[in-house]
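Given the structure is predicted, the values throughout are model-derived calculations rather than measurements. Proteins get letters first, then strands, A, B, ... in listed order; numbering begins at 1 in each.
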There are 2 protein chains.
Amino acid sequence: MTNTNPLAEWLTPAQMTEATGVNIDTLRYYERENLLQSVKRNSSGHRRYSSNDVLWVQVLRCLRQTGMTIEQLRTYCNLGEQGDHTEPERLQLLLQHREKVEQELQEIISALKMIDHKIEFYDSSIKQGSKP
Amino acid sequence: MTNTNPLAEWLTPAQMTEATGVNIDTLRYYERENLLQSVKRNSSGHRRYSSNDVLWVQVLRCLRQTGMTIEQLRTYCNLGEQGDHTEPERLQLLLQHREKVEQELQEIISALKMIDHKIEFYDSSIKQGSKP
DNA sequence: CTACTACCTGAAGTGCGCTTTAGGTCAAGC
DNA sequence: GCTTGACCTAAAGCGCACTTCAGGTAGTAG
């Protein structure tokens, strides 16, 4: 089954990689780690991803990119699996994560300032050197 | 030799850790990796760090915190060792790094926006749920 | 029929930045 | 003289997030 139809509702692994920017092997890894629990299969056992899967993987990437660990992601997913009554807990988890990211952001910004100082220093030092 | 004098010009490893927030083992590791080449020793072979070492380690931390690899840091250090004529190259290296950090910063910020959307969603969903 | 490609699995491997371990030395205090 | 604690070294180990490998299947094209 070669699915090249852009209107297809189910994405093959290759198309999923195309759609999300996430490597096929990483997608399988996420599945193994229970971060992606609802992926369907076709009659020959091949994965077929839904548009919901696409959205979810995008969320996973945002959380990973901001440094959430696989372990924490698993916790978050498991809460999701357990139904709507876990929403307060999930909110809590996100709020905590958000705070950590905000803090790290400030640290990066202040590191960037020091880098800018050094850049400024080299810049003027080089200008000085080429002047006489 | 137990150096507890706050006016001492040379810091022991423990004091260096205190001053920079960098683990003793990590400092030794940096030295092994040639990121810290001028550390002095006392008569019994123990390290004594200068105030310049403190400043340099702070620079190293800023660069590490913003994701520069040990390998790149080594390149940067080696240029420094080679004298003032390498300043343009060092500037180039920092400018390149700066650009990468800036880009990553934008990605984190946009990931944070998505997280905020989810937080907003849970927030209003939970309020709705408690409203019969 | 054969070849090819896309997919499948469990398990092992990789890369990076530390961190720990094992086995020492040295100077000071009791 | 003995212990203690801070330090030393080379080498091995660790944690994390993937990534690769070895060996297999299913469907399509020539």
Side-chain angles (χ1 to χ4, degrees), chain A residues 1-5 8 10-36 39-49 53 57 59-77 97 100 104 107 111, chain B residues 1-5 8 10-36 39-49 53 57 59-77 97 100 104 107 111:
Chain A
M1 192 223 261
T2 318
N3 182 356
T4 48
N5 176 0
W10 298 100
L11 303 186
T12 63
Q15 290 169 331
M16 187 65 173
T17 285
E18 171 83 4
T20 60
V22 178
N23 189 316
I24 291 185
D25 297 304
T26 305
L27 289 168
R28 282 200 276 255
Y29 167 67
Y30 285 173
E31 219 177 313
R32 263 202 312 287
E33 296 293 326
N34 283 312
L35 309 184
L36 201 48
V39 180
K40 297 286 183 296
R41 304 297 180 112
N42 74 0
S43 55
S44 39
H46 292 192
R47 289 172 180 78
R48 289 299 113 106
Y49 296 93
D53 292 332
V57 167
V59 172
L60 288 180
R61 287 317 289 178
C62 285
L63 293 172
R64 278 293 302 123
Q65 186 153 42
T66 50
M68 187 177 280
T69 63
I70 299 295
E71 180 63 28
Q72 290 171 305
L73 280 172
R74 190 161 33 228
T75 302
Y76 182 58
C77 289
H97 178 62
K100 254 186 37 202
E104 197 204 338
E107 284 170 14
Chain B
M1 189 223 262
T2 319
N3 182 355
T4 49
N5 175 0
W10 299 100
L11 303 186
T12 63
Q15 290 169 332
M16 185 66 173
T17 286
E18 172 82 1
T20 60
V22 178
N23 189 317
I24 292 184
D25 297 304
T26 305
L27 290 168
R28 283 199 277 256
Y29 167 67
Y30 285 174
E31 219 177 312
R32 262 201 314 285
E33 297 292 328
N34 284 312
L35 309 185
L36 201 48
V39 180
K40 297 286 183 295
R41 302 297 179 112
N42 75 0
S43 55
S44 39
H46 292 194
R47 288 171 179 80
R48 287 301 111 107
Y49 297 93
D53 292 332
V57 167
V59 173
L60 289 180
R61 287 318 290 178
C62 284
L63 292 172
R64 278 293 302 123
Q65 185 153 43
T66 51
M68 189 178 279
T69 64
I70 298 295
E71 180 63 27
Q72 290 169 306
L73 281 172
R74 190 162 32 231
T75 301
Y76 183 58
C77 289
H97 178 62
K100 253 186 38 201
E104 198 205 337
E107 284 170 14

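- Here C:dC7 presents its P atom at 11 Å from CG of A:D25, a figure rounded to the nearest Å.
- Under 4.0 angstrom from either OP1 or OP2 of D:dC7 there lies no side-chain N or O belonging to B:R47.
- Note on B:R28: a base of the nucleic acid sits closer than 4.0 angstrom, heavy atoms only.
- Using modelled atom types, no side-chain atom of B:S44 and backbone atom of B:H46 make a donor-acceptor pair closer than 3.5 Å.
- DNA chain D is contacted by both B:A14 and A:T69; B:A14 maps to the nucleotide lying nearer its 5′ end (nearest heavy atom per residue).
- Proximity of B:T12 to the phosphate of D:dC7: a side-chain N or O atom is located under 4.0 Å from OP1 or OP2.
- The shortest side-chain heavy-atom distance between B:L27 and B:V57 falls under the 4.5 Å cut-off.
- Per the geometry, NE2 belonging to A:H46 stands 6 Å off P belonging to C:dC8, to the nearest Å.
- Per the geometry, CD1 belonging to A:I70 stands 13 Å off C1' belonging to D:dG15, to the nearest Å.
- Across the protein-nucleic acid pair, A:I24 atom CD1 and D:dT19 atom C1' stand 13 Å apart, rounded to whole Å.
- In this structure, A:Y29 does not reach the D:dT20 phosphate: none of its side-chain N or O atoms is under 4.0 Å from OP1 or OP2.
- Look at B:E71 and B:R74 and you find a salt bridge, because one of the NZ, NE, NH1 or NH2 atoms lies within 4.0 Å of a carboxylate O, short of that distance.
- Under the 4.5 Å side-chain criterion, counting only non-hydrogen atoms from C-beta, B:I70 is in contact with B:R64.
- For B:R48 and D:dC7, the shortest distance from a side-chain N or O to OP1 or OP2 is not below 4.0 Å.
- Atom pair B:N42:CG and D:dA6:P shows a separation of 15 Å (rounding to whole Å applied).
- Remark: P of D:dA17 and CG of A:L27 are 16 Å apart, rounded to the nearest angstrom.
- Close to D:dA17, at under 4.0 Å from its OP1 or OP2, lies no side-chain N or O of A:R61.
- Across all strands, B:R32 comes closer than 4.0 Å to base atoms (heavy-atom distances).
- The interatomic distance linking A:E31 (CD) with D:dA17 (P) rounds to 18 Å, in whole Å.
- Minimum atom distance to the side chain of A:T26 is reached by D:dC18, of the listed D:dA6, D:dT20, D:dC18.
- A donor-acceptor pair under 3.5 Å is formed between the side chain of A:Q72 and the backbone N or O of A:T69.
- Distance A:N23 CG to D:dC18 C1': 9 Å, rounded to the nearest Å.
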